[in-house]
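One structure is given below, encoded as structure tokens.
Ligands are counted one by one from 1 in listed order, and the atoms in each one are counted from 1 as well.
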Amino acid sequence: MMLKLISGLSESAGRMHAAAQLAAYFGCSDLIIFIKDPEIMTLLPAPGFPQTIPNGEAWYSFLNNTLKDGRYRDTLPFPDTASIQSAVGISGPYHSVAVLLGGNPVDADLLILKEILPIVVSLFIKEQEFMSAQIRTTLAEKTAAKAEKLATTIDLIRVHLNDALIKQEKDQKAIEDLMKKKDEFMDMASHELKTPLTSMKAYLQILQKMIAKDVNGSALHFVENANIQVDKLTDLVNDLLDVSKIQAGQMLYNFTELDINGLINEVVSQVQVGVSTHKLIVENNIHAIIKSDRHRLEQVIGNFLSNAIKYSPDADKVLIKSTFVDGNVRVMVKDFGIGIPAEMQALVFDRFYRVQSSSQNFSGLGIGLYISAEIIKRHGGHVGVSSDKNGTEFYFEIPVINS
Ligand code: ADP
């Protein structure tokens, strides 16, 4: 009889029926086997038995007492909290417990239960292992599926990123090509413009001489004006050509030692010849030998001076002075003009930058200061500006060889 019941327990399908029969054998209504779950190290109803039991706390202390004493009698709620039943617990191998409910089995029967418990428990442990193996497989399969999905997503992101990078590289290349073309165009356009300008200038000079001999006053005036316009155009073209050269790193310098004092006086008198609105006043001039490209430094001083005149239409003077500052010579041009707002002062040396409020009233391309800053940089120096509502001071500093 007992053997039949145990072999019934080994059949997964009829296991619960066999457990009920075993309970009946001991004169009880239910038999529940608890075995330790290896994952969470806690006693849980073995596979197949009801997994939720009422009043967990009462069960918890009942199972613990059973484990402690080997056998324990009490009452327990089952199958719900309303029905309290008598219960006997027998501890088995591997911290397992068999609970007989709803009966009062005699000690001799309990000894039999104790005897067969190892076989019964091992049957359920096998089942539990099988189930957790199944759970693990399902979990592994799910994880593998998730990992695969994730890998696909990562691959997709990688492809998108790659595409974006390739596109960005292409865009970058397109911009660089465009900039290169623009520089080439500016270079070419400046050259193209310069050739007819040079011949026009030559023709005008010949014409000027011819008319001067014939003493025809009004024609001479027109030719002089045309000459001034051609000079302006030539300056603009030269500036554009300089920007191209700077961009291409092809601005050539011819450094010689020269006295800054002489250079300043020379540029001031040259500029003053063509200016009747402002008096250019050399305030203080020092003797200092510097290593410089004379033509380029003249260009910088000339640019500072012509800006000072252009941007101070209501003033009648511009000051220029040179001083020593920390082993450098500082040349400063001061005007009493429209000034530059503080937040724009750092930007005026940028290529093509013009202060918007002033650019509407004054002609220009926004490249003079950029060229000046580049030239001074190549002299091992730096440029600077300070300005307020009373006017502006532009300066450059370059190293002195001796004074
Ligand atoms: P341009 O005068 O041809 O525009 P620049 O590179 O010489 O180009 O000057 C850049 C900008 O700096 C000018 O457009 C002007 O807004 C401002 N600026 C230059 N010099 C002065 C000055 N002395 N006073 C006021 N603003 C100036």
Side-chain angles (χ1 to χ4, degrees), residues 182-183 186 189-190 193-194 197 228-247 251 264 267-268 270-272 274-283 295-322 330-379 381-397:
K182 190 208 73 195
D183 286 343
M186 267 178 56
S190 316
L193 281 167
K194 214 174 163 181
L197 265 179
I228 292 171
Q229 293 310 317
V230 169
D231 284 347
K232 276 191 181 168
L233 217 69
T234 310
D235 284 348
L236 276 178
V237 170
N238 278 340
D239 277 355
L240 281 174
L241 209 56
D242 282 347
V243 171
S244 295
K245 280 184 196 157
I246 290 169
Q247 290 301 294
M251 179 98 112
I264 290 174
V267 184
V268 167
Q270 271 168 23
V271 176
Q272 186 70 81
V275 177
S276 54
T277 50
H278 294 67
K279 181 141 186 53
L280 309 183
I281 304 167
V282 179
E283 265 209 328
H295 163 65
R296 291 297 176 193
L297 207 60
E298 276 175 6
Q299 193 177 342
V300 175
I301 300 172
N303 178 236
F304 281 9
L305 286 174
S306 57
N307 274 352
I309 296 162
K310 179 163 67 166
Y311 294 107
S312 66
D314 298 331
D316 59 1
K317 64 177 176 189
V318 168
L319 308 181
I320 177 160
K321 77 178 176 192
S322 53
R330 174 189 283 209
V331 178
M332 191 264 290
V333 173
K334 180 181 173 70
D335 69 53
F336 304 89
I338 60 169
I340 303 169
E343 65 277 15
M344 291 161 191
Q345 289 174 20
L347 301 170
V348 292
F349 295 102
D350 287 354
R351 190 167 50 137
F352 301 122
Y353 184 83
R354 306 200 72 211
V355 176
Q356 218 189 351
S357 51
S358 55
S359 62
Q360 284 152 0
N361 303 322
F362 303 93
S363 65
L365 290 178
I367 49 179
L369 287 178
Y370 166 73
I371 297 169
S372 299
E374 286 295 319
I375 292 172
I376 296 300
K377 219 190 282 171
R378 286 295 297 273
H379 279 72
H382 62 272
V383 287
V385 59
S386 68
S387 182
D388 59 27
K389 59 177 178 11
N390 298 319
T392 305
E393 283 181 21
F394 273 98
Y395 70 86
F396 66 79
E397 282 180 20

task: Return yes when atom NZ of Lys321 has more than 12 non-hydrogen atoms of other residues, nucleotides or ligands closer than 6.0 Å, and no otherwise.
output: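 Atom NZ in Lys321 is not crowded, with 12 or fewer foreign heavy atoms closer than 6.0 Å.
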task: Report, as yes or no, whether the 6.0 Å neighbourhood of atom CD on Glu343 holds more than 12 heavy atoms from other residues, nucleotides or ligands.
output: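 Enclosed.
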Is [X] reaching over with its side chain to a backbone N or O of [Y], donor-acceptor style, under 3.5 angstrom?
X: Lys310; Y: Ser363; answer: yes
X: Asp335; Y: Thr392; answer: yes
X: Gln345; Y: Ile340; answer: yes
X: Gln272; Y: Ile281; answer: no

Ligand-side contact atoms (ligand 1) for residue partner Lys310, heavy atom cut-off under 4.0 Å: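 Here the atoms of ligand 1 in question are 1 (P), 2 (O), 3 (O).
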If you have a sec, work out which protein heavy atom is nearest [atom] and how many Å separate them, to one decimal?
atom: atom 23 (N) of ligand 1; answer: Asp335 OD2, 2.8 Å
atom: atom 4 (O) of ligand 1; answer: Arg354 NE, 2.5 Å
atom: atom 6 (O) of ligand 1; answer: Leu369 N, 2.8 Å
atom: atom 24 (N) of ligand 1; answer: Tyr311 CB, 3.3 Å
atom: atom 3 (O) of ligand 1; answer: Leu365 N, 3.1 Å
atom: atom 12 (O) of ligand 1; answer: Val348 CG1, 3.4 Å

Pick one of side chain, backbone, both or neither for how [X] approaches ligand 1, counting any non-hydrogen atom pair under 4.0 Å.
X: Ile340; result: side chain
X: Phe362; result: neither
X: Thr392; result: side chain

- prompt: Looking only at heavy atoms, which two atoms of Ile376 and His382 are closest? And how far apart?
  reply: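 Closest pair (atom of Ile376, atom of His382, distance): CG2-N, 3.4 Å.
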task: Taking atom types as modelled, find out whether Gln299 and Asn238 have a side-chain donor-acceptor pair closer than 3.5 angstrom.
output: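 There is no such pair (donor and acceptor under 3.5 Å, judged by atom type) between the side chains of Gln299 and Asn238.
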Who's closest to [atom] heavy-atom-wise, of [options]?
atom: atom 1 (P) of ligand 1; options: Gly366, Ala308, Pro341; value: Gly366
atom: atom 19 (C) of ligand 1; options: Asp350, Asn307, Val385, Ile371; value: Asn307
atom: atom 10 (C) of ligand 1; options: Phe336, Tyr353, Phe394; value: Tyr353

query: Just distances here: any N/O of Gly364 and N/O of ligand 1 closer than 3.5 Å?
result: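 No; every N/O pair is 3.5 Å or more apart.
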- prompt: Where does the angle between the aromatic ring planes of Phe394 and Phe349 fall among parallel (under 30°), tilted (30 to 60°) and perpendicular (over 60°)?
  reply: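 Taking Phe349 first and then Phe394, their aromatic rings stand perpendicular (interplane angle over 60°).
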